[in-house]
Amino acid sequence: LAKTTQPISMDSYEGQEVNITCSHNNIATNDYITWYQQFPSQGPRFIIQGYKTKVTNEVASLFIPADRKSSTLSLPRVSLSDTAVYYCLVGDYAGNMLTFGGGTRLMVKP
Amino acid sequence: EPEVTQTPSHQVTQMGQEVILRCVPISNHLYFYWYRQILGQKVEFLVSFYNNEISEKSEIFDDQFSVERPDGSNFTLKIRSTKLEDSAMYFCASRPGTGRIKLFFGSGTQLSVL
């Protein structure tokens, strides 16, 4: 199982771009990288998934280097409502033990 | 977007009592999960369920815990004899069999053991 490591917390200001990096040194060939957002008292919500290079959707981008031992979630122009905990999760399609790491608590200030 | 529904939203019980937490996963999903989150801590994996049987379980999921999919739609987590340390938010999640590893989470059941 690929263990993930993220910074415990980050601060940012409204309108800035935020980059959160996750380390997953023992990622397996079949593993994909997904990111989730969690607000207090709610279940995590899927943000984005990637395998390699760059993926972009309407809310975020995900950058994955060639060795895939890390990934970076990029949130463009954050707002106060982006204050949440962000988790990266690594697993394959047959993944049964999908385990979250410690998450990064992002605080966006006005 | 389809939703995973969980009931009840809050459950208060006495230590030693049995509780059953209920979940209705999204209808065409094939993988089902229970997670728990103690206040202020990370989301912890408990168990996964596929093809009508447990596929993986964590060390938290001991003999006091069991899961069932009794009627092809509901997915339940039973705690046989609750302990104080079982107090947590319990989340059910499901995902399709193919495509992205996109877990759909319910809104959770807050379990308080007194």
Side-chain angles (χ1 to χ4, degrees), chain A residues 1-9 22 24 27-52 55-60 62 64 71 84-107, chain B residues 1-6 9-10 21 23 25-26 29-51 53-61 67 88-112:
Chain A
L1 294 168
K3 186 181 171 187
T4 59
T5 304
Q6 302 173 234
I8 293 173
S9 64
C22 178
H24 27 80
I27 189 169
T29 304
N30 294 333
D31 285 343
Y32 285 73
I33 300 150
T34 53
W35 283 80
Y36 289 80
Q37 176 191 56
Q38 187 184 29
F39 297 115
S41 300
Q42 294 184 26
R45 187 176 67 97
F46 174 90
I47 302 173
I48 197 166
Q49 174 178 295
Y51 184 80
K52 60 181 178 181
V55 179
T56 297
N57 64 20
E58 62 276 8
V59 297
L62 179 59
I64 305 167
S71 57
V85 179
Y86 293 82
Y87 294 95
C88 77
L89 185 152
V90 174
D92 65 26
Y93 284 142
N96 292 301
M97 198 163 189
L98 296 176
T99 303
F100 287 84
T104 298
R105 190 172 299 274
L106 173 66
M107 173 69 74
Chain B
E1 190 169 66
E3 289 184 346
V4 174
T5 57
Q6 289 186 245
S9 57
H10 293 85
L21 309 183
C23 170
I26 295 170
H29 285 188
L30 300 181
Y31 293 84
F32 312 107
Y33 304 81
W34 283 100
Y35 291 84
R36 80 170 186 190
Q37 188 171 33
I38 295 169
L39 186 63
Q41 298 186 23
K42 70 175 187 179
V43 178
E44 298 177 292
F45 171 85
L46 292 178
V47 66
S48 58
F49 194 87
Y50 172 71
N51 204 24
E53 61 183 20
I54 290 175
S55 43
E56 293 282 355
K57 58 184 180 179
S58 70
E59 58 191 24
I60 301 169
F61 194 89
V67 289
M89 180 75 93
Y90 288 81
F91 292 108
C92 172
S94 68
R95 69 177 179 97
T98 57
R100 294 176 295 182
I101 308 174
K102 181 176 179 179
L103 290 168
F104 291 75
F105 280 83
S107 53
T109 293
Q110 180 64 56
L111 177 65
S112 298

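Hydrogens, waters and symmetry mates play no part in the numbers below; they use all other heavy atoms, side chains included. Because the structure is a prediction, the values reported are computed rather than measured. Note on naming: letters A, B, ... go to the chains in the order of the sequence lines (proteins, then strands), and numbering restarts at 1 for each one.
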side-chain hydrogen bond (donor to acceptor under 3.5 Å, both in side chains) partners for A:Tyr86, two or more places apart | A:Gln37
Roughly how far, to the nearest 0.5 Å, is the OG1 atom of A:Thr99 from the CD atom of B:Glu56?
-> 8.5 Å
Could you tell me which portion of B:Tyr33 (side chain, backbone, both or neither) has an atom closer than 4.5 angstrom to a non-hydrogen atom of chain A?
-> side chain
Sequence neighbours excluded, which residues qualify as ring-ring contact (aromatic ring centres under 6.0 Å, His included) partners of B:Tyr90?
-> none
Could you tell me whether B:Tyr35 and A:Phe100 have their ring centroids closer than 6.0 angstrom?
-> yes
Kindly indicate whether the side chain of A:Tyr87, heavy atoms from C-beta on, has any atom under 4.5 Å from the side chain of B:Val43.
-> yes
side-chain contact (heavy atoms from CB on, under 4.5 Å) between A:Gln49 and B:Ile101, intermediate numbers included | CA-CA 8 Å; A:Gln49 174 178 295; B:Ile101 308 174; 3.4 Å; yes
Name the option with the most non-hydrogen atom pairs under 4.5 Å to chain B; the candidates are A:Gly102, A:Pro44, A:Gly91.
-> A:Pro44
Between B:Arg95 and A:Leu98, is any pair of side-chain heavy atoms under 4.5 Å apart?
-> yes
Minimum-distance pair of heavy atoms, taken over all atoms of B:Lys102 and A:Phe46 | CG-CG, 3.5 Å
Using a 4.5 Å cut-off on heavy atoms from C-beta on, say whether the side chain of B:Phe91 contacts that of A:Gln38.
-> yes
To the nearest 0.5 Å, what is the distance between CD (A:Gln42) and CD (B:Gln37)?
-> 11.5 Å
